[in-house]
Amino acid sequence: MIRDEIQLLVAQAVEAAQAAGALPAFAAPEVHLEHPGRPEHGDYSANMPMRIQGLARMKAIEVAEALRAHVGTHPAVSEVRVAPPGFLNFYLDPTWVASQTEVIIAAGEGYASNTMGTGQKLQVEYVSANPTGPVHVGNGRGAAIGSTLANVLGAAGYKVEQEYYVNDAGTQIAVFTRTLYARYQQLFDRTVEIPENGYPGEYMVEIAQEIKDAEGDRYLRPEGEEPDPALGNEGISRMIAQIREDLGLLGVHYNRWFSERSLQEPGGAYETAMGILKSQGHVIEREGATWFASSQLGESKDNVLIRSDGQPTYFASDVAYHYDKFIGRGFNRVIDIWGADHQGHVSRVKAAVTAVGGNGDDLDVLLYQLVTLKRGDVVVPLSKRAGEIVTLRDVVSEVGADAARYFFLTPSAGSTMEFDLDLAKQQSDENPVFYVQYAHARIASVLARAAEQGSSSASADVSLLQHDAEQTLIRRLLLLPEVVELVVSSLETHHLPSYAASLSQSFHAFYTQCRVITEDAALTSARLRLLEATKLVLARTLGLMGISAPEQM
RNA sequence: GCCUUCGUAGCUCAGUGGAUAGAGCACCGGCCUCCGAAGCCGGUGGCGCAGGUUCGAGUCCUGCCGAGGGCACCA
């Protein structure tokens, strides 16, 4: 990548200047480059002179001059300038820039891929909402972030597995079963109330109806008796099928749906992990319960693993689950994506990973702030236990998967976001995602037109691409590898929509200023080549976000 | 009370410690006899408050104000 090469030029300039006595000897900090906000400041800017002015005991501007005198030559760099108060600005050679059009096309679908994660087995676990109800809008945010991150990490060479953790054990399943049974009995004209703290949503009635339609009265027991656990299992499996379908509508697909219950099988991860904790002295008995002695590991408090009634907690399952991820299945790295309401859970799970023989630092927990759902000015509650549930399916069918994904990905995970359903509906024509997709469709249209007219990009001389708008566009194309690297290192997916918008902007500006198909066969050919490269990069960017790149719209 | 995330344009949000803080929507004014006007060009308008660190702070630190989320033998 050109940025890395310029970084090296700067580092070497420091050494050369020191060797020549133009700078005193000292250990220089790592080179930091940035993209100046203004084109007249060049393509890459190094702030090295200002950062080492103290070490050099010279004025920054003098350091900059000394460095410039010792910067090596590079075919891509046409000029290096010093700018006050001490920047070292690098200007890319326009002909080199133009030539990159061919380099991008040659890279094809692998463009912007890298090897940051080569040889690493990585898991991304996300959404993992309780199977006691449909996935809602907030889950959609985690879904968009998780699947996009998986795509990008895959482009960085990681062997990525995507997983959904199904909480099919624990008390909420019992409550789910009792609620379902109440609804089921109601369908047989029994007068039964759904339990206190049950799930009042209409979807429970629908599931009960489906089960009745499919299996009749086989789950009906004499009045007053407890429900058949098999009814609960049947309901849960139907709920999971619906969740899988709803997420599929958003373009989210998993490699594995991991059952929490499976952890507790004899000889399974639960037994093994608890055994390790005990043998390592991380377990204490107190007040009739079994605790993870996490305060000994620097945590603010201990955490209950097994309640005094003998039931394991959700946390105990999570310890076993993460044991299975790292030790059982040997992932080198795991990324869990959780809603911000699980923030308090992060450090104890990391501590547990270390305690069962892994390394808590290999676990990244990405928290996204919750989504506030609104209809106009009215806030809509998301709770599964409230009356109105706005499901992910509702939203996707209203605004489409592409717009929904783009919308979810745009704000950084750390910012709360407002999802205005009324606005989202109106946005069908005005949504920013169409701006990006339109650029792609527009290119497809011009390429088709060129093909009809017999214009070809074969044997194009891309060095003709010297117009400002062409140069700006190609420079933008060259940024995608940097964006991918940034997303991988920061785990922040919101840089992608931001990049997509700026790339599209550059394309639309080019399109307005430069006519592609003209009488000038050589220039036409070169510009068609540029369109091909741009189309490829747009499709690549959209593909990473899981958004379609339409040929027409 | 403690922990944590956030506070940037009328609204929704970007902004890797740099040089004149951006985009979309909204609003105002221009641009199609020519490849898709779902577009382009221009304009109005902003860093919650106060200190500190730094050559340089929207960005880092502290305090205050305001908002969200945590602080269970719930998940």
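Within every chain, numbering begins at 1; the chains are lettered A, B, ... in the order of the sequence lines, protein sequences first and strands thereafter. Keep in mind that what you see is a predicted model, and the values were worked out from it rather than measured. Note: hydrogens, waters and symmetry copies are ignored here, and every other heavy atom, side chains too, is used.
Closest to the A:Tyr435 side chain, of the nucleotides B:rG69, B:rG36, B:rC40, is B:rC40. Side-chain proximity of A:Ser445 to B:rU20, B:rG36, B:rA19: nearest is B:rG36.
Contact between the side-chain N/O atoms of A:Arg442 and the OP1/OP2 oxygens of B:rA38 is not found at any separation under 4.0 Å.
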Reading 5' to 3' and counting Watson-Crick or G-U wobble pairs with both distances under 3.5 Å, write the dot-bracket notation for RNA chain B, | for bases paired outside the strand. (((((((..((((....[...)))).(((((.......)))))....(((((..]....))))))))))))....
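Residues A:Arg51 and A:Ala501 both approach RNA chain B. Their nearest nucleotides, taken by heavy-atom distance, put A:Arg51 toward the 5′ side.
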Working note: A:Arg3 + A:Glu482, criterion side chain to side chain contact (heavy atoms under 4.5 Å, CB included); need CA distance, chi angles, decisive distance, verdict. CA-CA 8 Å; A:Arg3 189 192 55 192; A:Glu482 295 182 24; 3.6 Å; yes
Before you tell me yes or no, could you show the steps for A:Tyr164 and A:Phe258 under ring-ring contact (aromatic ring centres under 6.0 Å, His included), namely the whole-Å CA-CA distance, both residues' side-chain angles and the distance that decides it to 0.1 Å? CA-CA 6 Å; A:Tyr164 189 114; A:Phe258 190 99; over 10 Å; no
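With its glycosidic angle more than 90° from 0, B:rC40 adopts the anti conformation.
Note on A:Asp302: nothing from the nucleic acid sits closer than 4.0 angstrom, heavy atoms only. Here A:Gln552 lies in heavy-atom contact (under 4.0 Å) with a base. Residue contacts for A:Ala450: at a heavy-atom cut-off of 4.0 Å it reaches no nucleic acid atom on any strand shown. Residue contacts for A:Arg449: at a heavy-atom cut-off of 4.0 Å it reaches the sugar-phosphate backbone alone, with no base atom in range. Residue A:Ser45 is in base contact, counting any heavy-atom pair closer than 4.0 Å across all strands shown.
Electrostatic pairing of A:Arg286 and A:Asp302 counts as a salt bridge here, judged by a charged N lying under 4.0 Å from a carboxylate O. Taking the charged nitrogens against the carboxylate oxygens, A:Glu299 and A:Arg348 have no contact shorter than 4.0 Å, which rules out a salt bridge. Salt-bridge annotation for A:Glu125 and A:Lys325: present, with a side-chain N of the basic residue lying under 4.0 Å from a carboxylate O of the acidic one.
For the P atom pair drawn from B:rC41 and B:rC3, the interatomic distance equals 48 Å after rounding to whole Å. Between the C1' atoms of B:rA9 and B:rG58, the separation comes to 14 Å (whole Å). Rounded to a whole angstrom, the distance from the P atom of B:rC27 to that of B:rA21 is 26 Å. On the P atoms, B:rC61 is 12 Å away from B:rG17, given to the nearest whole Å. With P as the reference atom, B:rG7 and B:rC49 are 13 Å apart, rounded to whole Å.
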Starting at the 5' end of nucleotides 70-75 of chain B, put B wherever the base has a protein heavy atom under 4.0 Å, S where only the sugar-phosphate does, and a dash everywhere else. S--BSB
Let me have a per-nucleotide readout for nucleotides 7-17 of chain B, 5' to 3', with B, S or -, counting only protein heavy atoms under 4.0 Å. -----SSSSB-
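Checked against a 6.0 Å centroid threshold, the rings of A:His41 and A:Phe87 do not count as neighbours.
The side-chain ring of A:Phe87 is stacked on the base of B:rA19, judged by centre separation under 5.5 angstrom and plane angle under 30 degrees.
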